[in-house]
Amino acid sequence: MMTSYDPLLEGLNPAQREAVESIEGPVLVVAGPGSGKTRVITHRIAYLVRKWHISPYRILAVTFTNRAAGEMKERLSRLVGSRIDRLSVGTFHAFCAGLLRREGSHIGLDPSFTIYDDDDQVQLLKEAMAQVNIDSKQYPVRAIQGAISRSKSLVLDAASYASNCEGFFEEQVSKVYEKYDALIRRSQALDFDDLLLRSVQLLSKNPDVLERYQRRYQHILIDEFQDTNVAQYMLAKLLAGQYRNICVVGDADQSIYGWRHADIRNILGFQKDFPEARSIVLGENYRSTGNIVEAAQKVISANNLRIHKELWTSKEEGPPVVVPETHDEEEEDQFVISEVERLGRIEGASLGDCAVMYRVNAQSRALEEACLRYGARYKLVGGVRFYQRKEVKDLIAYLRLIGNPQDDVSLVRAINVPRRGIGTKSMDDLSRWAISRGTSLYAALESLNGDPQEDDSLRRSLSSRAAAQMTAFLALVQELAEESSRLDVVALIDRVLERTSYREYVTEHYDLPDERWENIMELRRAAEEFKDEEPPQGLTLLLERLALVADADNYEESADSLTLITLHQAKGLEFPVVFMVGMEEGLLPHFRSLDDTGQLEEERRLCYVGMTRAKDRLYMLRAFRRRFAGGYGPSLPSRFLQEVPASIWEPQAPAVPRRTISEGVQSSSWEPSMAEPTGDAPALPGLSPGDKVRHPTFGEGMVVSCTPSAGDNEVTVAFVGTGVKRLLQSLARLEKLE
DNA sequence: CAGTGGAGGCTTTTT
DNA sequence: GCCTCCACTG
């Protein structure tokens with residue numbers, strides 16, 4: 001091929017180049033962290049379009065997260081320009097939702113189906129369990145949910161599960177599964193797993209539909225292949241059936257979603273299903289320093305169930321991996337902040353260069369508090385998902401109900417927002433009526449307006465007050481549904497808010513009403529993107545977006561704030577400076593993984609993912625004691641720390657020396673050395689107790705005490721009104737007053 | 001029927 | 001330690 005001077009191939013190493021150029025036939029790219037994977041994928045697509053004039057319309061690129069999809073689109077538009085608009089890029093779930101909206105009629109699916117999230121699924125499962133008399137105390141909903149989800153990920157529908165199940169628990173699950181399936185179908189809803197399952201079923205049962213899509217997608221790319229589950233892989237295999245131009249990119253060492261039924265065995269499956277596949281290994285790391293790569297490599301090699309793979313770098317060694325030990329969590333967070341500050345001072349690192357990574361979201365709270373206390377700007381990634389907030393779900397329930405009145409879960413939520421005085425008993429009557437007639441709750445409501453000659457048993461069982469309230473609610477939904485065919489989605493939202501007096505409701509019934517109202521406005525802003533769609537379409541698209549895009553505030557790099565993020569979410573990102581906090585047994589690896597080798601190895605991969613996010617500096621912190629699940633106990637260093645070779649590992653004692661570590665704490669295998677005394681005194685104006693100061697947020701206060709701390713001053717200030725705060729002088733913009 | 005208070009449970013990661 | 005669910009009370 002005469003490709004040597006193609007600018008798209010320039011600057012690629014031989015393996016990367018091969019991955020870009022091998023456009024025909026199946027390709028398996030094993031891409032270690034920092035090996036230029038995204039570059040390979042984007043260049044490969046650009047190469048297909050620019051060099052081989054493949055229409056972007058005929059290319060499908062599947063990513064694992066919306067963030068990755070967005071990033072890919074952005075990079076591609078720079079390489080290829082606006083032509084890539086016709087490219088299909090997105091998550092499996094988004095692809096399936098689109099497919100089912102267009103083709104769902106082949107399997108009896110109404111195109112206005114609702115997508116149920118995790119929470120909705122639990123609500124409906126509870127209802128299903130109640131209906132088949134299975135006690136949710138004896139069988140936790142989560143366990144049942146897991147079993148059903150797992151089954152769906154293996155493309156086993158309720159009937160297949162029923163004929164395959166063994167043992168008592170599985171029989172119970174099977175009963176719930178069948179009931180749940182009946183209920184969710186009646187609600188014209190699909191859960192996340194259904195999106196995949198039903199898509200596979202649609203394509204395998206409808207050869208003509210399959211053929212259309214197979215013909216369309218001449219080239220298929222799958223990113224993060226190690227995170228696909230069986231259903232996803234089957235879908236990919238179906239779609240690639242005709243051209244077999246399928247390129248999967250992944251790294252088994254970064255597989256951290258086994259709990260979501262991701263199956264690393266898909267990689268083996270791929271090699272079996274596509275025996276002619278070319279394998280390409282990208283092993284050179286361009287991201288991290290030598291020490292970081294070596295440390296990460298050592299940790300991951302401790303996994304036994306692993307295919308050996310070398311990761312190397314030609315970058316310089318860099319500073320050692322620092323393993324600070326702190327007394328407790330508070331001190332851990334304080335160390336992070338003061339170190340961030342120190343790096344900024346001596347190396348010019350900005351807050352945006354640094355990220356703090358942790359295993360569980362619960363750890364973020366203390367970090368946030370530390371940031372607030374020391375005045376460091378931060379950006380919390382994830383946390384409570386936007387669309388799971390009560391107020392957001394309230395509004396969404398109305399919108400869903402307008403789009404799909406059969407949606408029972410949303411009806412149950414909306415009917416008492418605002419309070420309409422419809423209580424347990426009335427809801428029971430309503431639900432019983434619907435069950436006995438096999439209808440939706442909405443249909444049950446409609447019976448209230450029906451011909452009294454026909455079936456007025458529901459009306460008779462209800463109090464006249466309840467019946468009147470229900471009729472009023474029904475009228476409201478009908479009115480809004482009618483308006484929804486005229487109004488754009490933003491106007492529709494305004495109508496819902498107005499007709500429900502939602503602002504008043506929030507003010508009266510929810511804490512933090514302003515914040516909640518702000519979230520509602522945020523949702524309204526999100527809807528503006530769909531304002532110009534034809535009326536019912538805008539609503540459908542908005543609801544789909546809300547269901548499939550997890551964080552409303554997608555992660556954006558910002559130069560001046562510290563990133564707080566879970567290890568899982570950090571996958572795919574990189575930062576010059578990374579702090580991994582909570583390197584302790586029970587946290588990383590997590591308690592729930594300790595008794596299972598497979599899960600333990602996944603924890604180790606998670607650790608590996610975290611370590612390999614770091615470009616220049618990596619800190620792995622551990623505290624001697626930690627507050628956890630109510631307790632406050634000693635904690636042992638993570639076994640993963642011991643796997644980092646001592647030669648590149650620098651223990652570091654707390655920045656603020658404390659009294660000796662209390663008894664009862666297992667002494668660790670290393671001697672914590674005291675932090676080197678900070679020779680370079682901070683060029684900060686001296687503050688002393690009694691001084692009056694002003695803080696931009698906290699207002700005026702008086703200095704209570706000053707403690708030198710790692711080249712900085714830790715200042716305790718009593719603020720008027722706000723109370724006592726501990727601040728780092730260099731970060732908190734304190735102004736000394738006369 | 002709704003709001004409050006207490007007790008109990010429960011702790012992971014996300015499309 | 002936190003949040004959720006439930007039972008009781010107003």
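The sequence lines fix the lettering, A, B, ..., with proteins before strands; numbering per chain opens at 1. Scope of the values below: all heavy atoms of this structure, side chains included, with no hydrogens, waters or symmetry mates.
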Is the count of non-hydrogen atoms from other residues, nucleotides or ligands lying under 6.0 Å from A/Arg306 atom CZ greater than 12? yes
Can you tell me how the ring of A/Phe64 sits relative to the ring of A/Tyr257, calling it parallel under 30°, perpendicular over 60° and tilted otherwise? tilted
Which listed nucleotide ([options]) is nearest to the side chain of [X]?
X        : options                : result
A/His568 : B/dT14, B/dT13, B/dC1  : B/dT13
A/Lys126 : B/dT15, B/dT14, C/dC5  : C/dC5
A/Arg365 : C/dC2, B/dT14, B/dT12  : C/dC2
A/Gln569 : B/dT14, B/dT13, B/dT12 : B/dT14
A/Val360 : B/dT12, B/dT15, B/dT14 : B/dT12

Taking A/Arg413 first and then A/Asp120, would you say they form a salt bridge - that is, a charged N and a carboxylate O separated by under 4.0 Å? no
Atom [atom1] of [X] and atom [atom2] of [N]: how far apart are they, to the nearest Å?
X        : N      : atom1 : atom2 : value
A/Leu195 : B/dT14 : CG    : P     : 19 Å
A/Asp596 : B/dT12 : CG    : P     : 17 Å
A/Met427 : B/dC1  : CE    : P     : 11 Å
A/Asp119 : B/dT14 : CG    : P     : 15 Å
A/Glu369 : C/dG1  : CD    : C1'   : 12 Å
A/Lys390 : C/dT4  : NZ    : C1'   : 11 Å
A/Asp227 : B/dT13 : CG    : C1'   : 11 Å
A/Leu100 : B/dT15 : CG    : P     : 19 Å

Taking only side-chain N and O atoms of A/Asn66, does any of them lie within less than 4.0 angstrom of OP1 or OP2 on B/dT15? no
Closer than 4.0 Å, any side-chain N/O of A/Thr91 to the OP1 or OP2 of B/dT14? no
Distance check, C1' atoms only: C/dC5 and B/dT12, in whole angstrom units. 22 Å
So which protein nitrogen or oxygen atoms get under 3.5 Å of nucleotides 2-5 of chain B's nitrogens or oxygens?
from: B/dA2; atom 1: OP1; to: A/Gly421; atom 2: N; distance (Å): 2.7
from: B/dG3; atom 1: OP1; to: A/His509; atom 2: ND1; distance (Å): 3.0
from: B/dG3; atom 1: OP2; to: A/Arg419; atom 2: NH1; distance (Å): 2.9

Would you say the ring centroid of A/Tyr233 lies under 6.0 angstrom from that of A/Phe225? yes
Would you check if the distance from the ring center of A/Tyr505 to the ring center of A/Tyr502 is below 6.0 Å? yes
Look up atom CE in A/Met357 and atom OG1 in A/Thr563, then write down how far apart they are to the nearest 0.5 Å. 8.0 Å
Could a donor-acceptor pair under 3.5 angstrom be found where the side chain of A/Trp259 meets the base of B/dT13? yes
How would you label the contact of A/Ser426 with the nucleic acid (heavy atoms, under 4.0 Å): base, sugar-phosphate, or nothing? sugar-phosphate
By nearest-nucleotide position on DNA chain B, the 5'-leaning member of A/Arg359 and A/Phe64 is A/Arg359
On DNA chain B, check which nucleotide each of A/Glu603 and A/Lys425 is closest to and give me the residue with the more 5' one. A/Lys425
Is the base of B/dT14 stacked against the aromatic ring of A/Tyr257, taking ring centres under 5.5 Å apart and planes under 30° as the test? no
Side chain to side chain contact (heavy atoms under 4.5 Å, CB included) partner of A/Leu548, the single match among A/Asp117, A/Leu543, A/Ile115: A/Ile115
Does any non-hydrogen side-chain atom of A/Tyr213 lie less than 4.5 Å from one of A/Leu238? no
